[in-house]
Amino acid sequence: MSGAGGEVLFEFHRVGTYMKVVAIDGKTGVEVSVVGPATGSVELLKRTAINKLRYVQTRDAGKPGSGR
């Protein structure tokens with residue numbers, strides 16, 4: 001999947017009744033994870049993971065020594 005920020009890779013791991021989604025920025029390698037119900041919407045989990053990824057990248061962009 002690619003968006004305004006570039007390519008995003010996803011990993012899905014079912015853990016019991018939960019689904020763990022890992023979103024990885026293809027350019028920078030920054031990754032985040034979110035967890036939700038396994039019976040829920042995959043698209044909602046993907047959007048949530050992308051939003052968290054963008055938040056982390058924006059938050060870390062202003063930190064000295066972040067290198068990104």
Side-chain angles (χ1 to χ4, degrees):
M1 176 176 210
S2 61
E7 183 179 42
V8 178
L9 307 169
F10 295 96
E11 293 179 3
F12 294 88
H13 303 278
R14 186 171 181 145
V15 182
T17 59
Y18 296 95
M19 182 72 73
K20 178 179 180 182
V21 180
V22 179
I24 306 163
D25 184 291
K27 184 176 179 183
T28 63
V30 174
E31 69 178 64
V32 298
S33 62
V34 296
V35 177
T39 58
S41 166
V42 171
E43 290 302 315
L44 178 60
L45 287 170
K46 286 170 75 172
R47 275 197 319 264
T48 304
I50 288 174
N51 288 339
K52 184 174 180 180
L53 180 62
R54 299 299 174 235
Y55 167 77
V56 168
Q57 290 176 316
T58 302
R59 178 195 69 190
D60 292 348
K63 290 184 179 177
S66 66
R68 295 178 200 219

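Heads up: numbering here begins at 1 and tracks the sequence. Note that the structure is predicted; figures quoted are calculated from it, not measured.
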Check whether Leu9 and Val35 end up in the same hydrophobic cluster, where Ile, Leu, Val, Met, Phe, Trp and Tyr are linked by side-chain heavy atoms less than 4.5 Å apart. no
Decide yes or no for Val42 and Phe12: does some side-chain heavy atom of the first lie under 4.5 Å from some side-chain heavy atom of the second? yes
Can you name the nearest heavy-atom pair linking Val34 to Ala49, along with the distance? CG2-CB, 3.9 Å
If you compare all heavy atoms of Ala38 against all heavy atoms of Arg14, which two are closest, and at what distance to 0.1 Å? CB-CZ, 3.6 Å
Calculate, to the nearest 0.5 Å, the distance between atoms OH and CG belonging to Tyr18 and Leu45 respectively. 12.5 Å
Can you see which heavy atom on Val8 is nearest to which on Ile50, and at what distance? CG1-CG1, 4.4 Å
Please report the interatomic distance OG1(Thr48) to CD(Glu43), rounded to the nearest 0.5 Å. 10.5 Å
All heavy atoms of Leu53 vs all of Ala23, minimum pair found to be CD1-O, 4.2 Å
Under the 3.5 angstrom rule, does the side chain of Arg54 hit a backbone N or O of Val56 as a donor-acceptor pair? no
